Amino acid sequence: MKMQLAEIAHAVGAINDYKEWENVSVTSVAFDSRHLQPGGLFIPLTGENDGHQFIQSAIDHGAVATLWARDLATAPADFPIIQVADSLKALQALAQYYLMKINPRVVAITGSNGKTTTKDMVASILATQFNVTKTHANFNNEIGVPMTVLSMEPNTEMLVVEMGMDRPGQLDFLSKLVSPDLAVITMIGEAHIEFFGTRDKIADAKMEITHGLSEDGSLVYNGDEPLLRERVTDLSQSQVTFGQGEDNDLFATNVAGTSTATTFTTNEWPDTTFTIPMIGTYNVNNALAALAVATVYRIRPENAQKALANVTLTENRAEWLKGSNGEDILSDVYNSNPTAVKQVLAAFSKTPVTGQRVVVLGDMLELGDQSDAMHAGLADAVDPQAISHVYLVGPHMVALQESLAQRYPDLAVTHFAADDLASLSATLQGSLTAADQILLKGSHGIHLEQVLAALQDPV
Ligand code: ATP
Ligand code: MG
């Protein structure tokens, strides 16, 4: 990007006299002084730390100007300063201005699960016919979304933004910030139900993504979800549904999988076989969401096909890795909730194996009142024919241990305390062989990545 300080001052409502610096030109923005690029504008945000204290580090990294939401007496002398009342609001206002200036079409993606995966798929597909900028990594909140906007090259034609939410009102805000031309809701799950109480309320909050949707825009949503079907009836924008049901505008046929990839065809393009380099029927749903976007923007199916086959995921959370005993590890250790566990167990239980399939499940956090029932309910997804041993980690998994003991008394189930990952790792390390497969899945707070590290590189 390239903006003059005068433009920035105007966009953010500067409250100081910046005239002497108005021709300074800025080529990027950063709120973390360590990530500041030479020529950048520093945006000192206030979170756990007050960003203002890092101004010297920003200057050392090549900042040419800074926003300042403090008394000017505390600002560095003779350095281009734009004083504002609130630096987060200024960041958002600047993003809004830059978005209007570049004027790309905006695709906004939300959902309880699958946002990042779908975002990467959509961006990959659109990039076959347009210049695309997408959300970097998982920058999906009220800081991440404006940063994504400000990361656009001036020639950007399509901006693909992930939008996360953990409370009502957040998507309302983000949607109005970027006024999407197309909004996508991947699915309604139970993530953050502790704060919402019911799936109904989660669905209400997800629908807020339509609050800024342009009048001639479209909504792509998971039509298998009755809570969404009920809620779209009074929207004036056009709608495209995807999902497993054949009443959706787009659904998959002939789904087949290997241990690393999944193929399927669709009702829309019956002669095109799509391949995605990942397992799990839930990823077919994510791909269907992305293909629904492709239909709106008239992407040719052969382009979508190539794009999906080669999609690069910024954060490939479910990935196959090798352990030091030669075992195959399906690692999915950054995020967990009931839907995701059921899906990944179903996929894992079907992958061909010569030895044993072993499962390690860590607590699913933030499920509130319904936590015990949801942990116990995972027993539905454990197939004792397919799984030899289930290892459980964390206090909430005691509920699953009990339900498995009742249901499948012969199944080997072992529970470990959350602070005893070392014993779990040692047990696994001592029993896994090159013929075996192991699944690791849990909320990030349980830190199964430490078990992964121990299996890959035992000390
Ligand atoms: P976050 O809220 O952390 O940003 P996200 O919505 O971006 O998550 P992804 O990173 O795409 O989601 O996927 C995270 C995990 O969610 C996956 O590893 C998988 O276990 C599960 N998942 C992904 N897509 C779906 C889906 N469509 N339905 C159910 N579960 C899914
Ligand atoms: Mg994400």
Side-chain angles (χ1 to χ4, degrees), residues 108-124 134-141 144-145 148 160-167 170-171 174 184-193 195-196 199 202 205-206 209 220-225 228 242-244 248 250-252 255 262 264 276-292 311-321 329-348 359 361-362 364-366 374 378 381 439-445 448-449 452:
I109 299 170
T110 196
S112 298
N113 295 114
K115 297 180 288 297
T116 300
T117 310
T118 304
K119 175 260 297 184
D120 290 330
M121 289 174 166
V122 167
S124 176
K134 68 172 179 178
T135 296
H136 171 66
N138 201 34
F139 284 7
N140 65 15
N141 64 8
V145 169
T148 301
V160 182
V161 275
E162 171 171 342
M163 292 186 177
M165 67 105 194
D166 53 21
R167 59 179 184 277
Q170 200 170 6
L171 285 178
L174 293 175
V184 179
I185 305 178
T186 59
M187 50 94 70
I188 305 296
E190 297 88 4
H192 308 294
I193 199 157
F195 308 112
F196 284 96
R199 291 180 82 252
I202 295 179
K206 296 287 179 209
I209 199 169
V220 165
Y221 72 95
N222 189 324
D224 295 336
E225 177 55 74
L228 290 175
F242 67 88
Q244 310 201 336
N248 287 300
L250 197 62
F251 57 87
V255 179
T262 308
F264 61 93
I276 47 174
M278 55 197 89
I279 63 159
T281 43
Y282 59 89
N283 281 315
V284 173
N285 258 11
N286 296 334
L288 287 172
L291 288 171
V311 65
T312 39
L313 300 180
T314 33
E315 295 188 320
N316 187 0
R317 286 166 167 189
E319 54 183 347
W320 282 102
L321 301 166
I329 307 174
L330 179 58
S331 164
D332 194 357
V333 295
Y334 291 109
N335 162 315
S336 192
N337 55 66
T339 327
V341 174
K342 287 177 191 161
Q343 302 258 17
V344 80
L345 271 175
F348 180 73
V359 168
L361 297 176
M364 305 178 291
L365 302 177
E366 297 185 352
M374 286 181 172
L378 294 183
L439 166 69
L440 301 175
K441 178 135 183 107
S443 281
H444 199 191
L448 291 183
E449 76 276 5
L452 173 65

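Numbering of ligands and ligand atoms starts at 1, following listing order. All values below were derived from every heavy atom in this structure, side-chain atoms included, with hydrogens, water molecules and symmetry-related copies excluded. These numbers were taken from a predicted model, which means no experiment stands behind them.
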Any heavy-atom pair between the side chains of [Y] and [X] that's under 4.5 Å?
{"X": "L291", "Y": "F264", "answer": "yes"}
{"X": "L330", "Y": "I279", "answer": "yes"}
{"X": "M364", "Y": "L378", "answer": "yes"}

Hey, what do you get for CD1 (I209) to OH (Y221), rounding to the nearest 0.5 Å?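 Between I209 CD1 and Y221 OH, I get 14.5 Å after rounding to 0.5 Å.
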
Could you see which bit of N138 sits under 4.0 Å from ligand 1, with heavy atoms only: side chain, backbone, both or neither?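 The answer is the side chain.
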
Which one holds for N335 and ligand 1: side chain close, backbone close, both close, or neither close, with close meaning a heavy atom under 4.0 Å?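 The part of N335 near ligand 1 is the side chain, not the backbone.
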
Mind checking whether [X] has a heavy atom under 4.0 Å from ligand 1?
{"X": "K119", "value": "no"}
{"X": "T186", "value": "no"}
{"X": "N286", "value": "yes"}

Donor-acceptor pair, side chain of [X] and main chain of [Y], under 3.5 angstrom:
{"X": "T135", "Y": "E162", "answer": "yes"}
{"X": "K441", "Y": "N335", "answer": "yes"}
{"X": "N141", "Y": "G144", "answer": "yes"}
{"X": "K115", "Y": "G111", "answer": "yes"}

Mind checking whether [X] has an N or O less than 3.5 Å away from an N or O of ligand 1?
{"X": "T339", "result": "no"}
{"X": "N285", "result": "no"}
{"X": "K115", "result": "yes"}
{"X": "G114", "result": "yes"}

State the atom name: nearest N, O or S atom of E162 to the Mg ion (ligand 2).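 In E162, the heteroatom (N, O or S) nearest the Mg ion (ligand 2) is OE2.
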
Test log, rule side-chain contact (heavy atoms from CB on, under 4.5 Å), inputs V311 and I276: CA-CA 8 Å; V311 65; I276 47 174; 5.6 Å; no

Full working for side-chain contact (heavy atoms from CB on, under 4.5 Å) between Y282 and N113: CA-CA 9 Å; Y282 59 89; N113 295 114; over 6 Å; no

Check whether any N, O or S atom of N140, backbone or side chain, sits closer than 2.8 Å to the Mg ion (ligand 2).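 No N, O or S atom of N140 is closer than 2.8 Å to the Mg ion (ligand 2), so no.
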
Measure from the Mg ion (ligand 2) to each N, O or S atom of T117 and report whether any distance is below 2.8 Å.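 Not a single backbone or side-chain N, O or S atom of T117 is under 2.8 Å from the Mg ion (ligand 2).
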
Atoms of ligand 1 less than 4.0 Å from [X] heavy atoms?
{"X": "M187", "value": "28 (N), 29 (C)"}
{"X": "K441", "value": "20 (O)"}
{"X": "N140", "value": "4 (O)"}
{"X": "T117", "value": "9 (P), 11 (O), 13 (O)"}

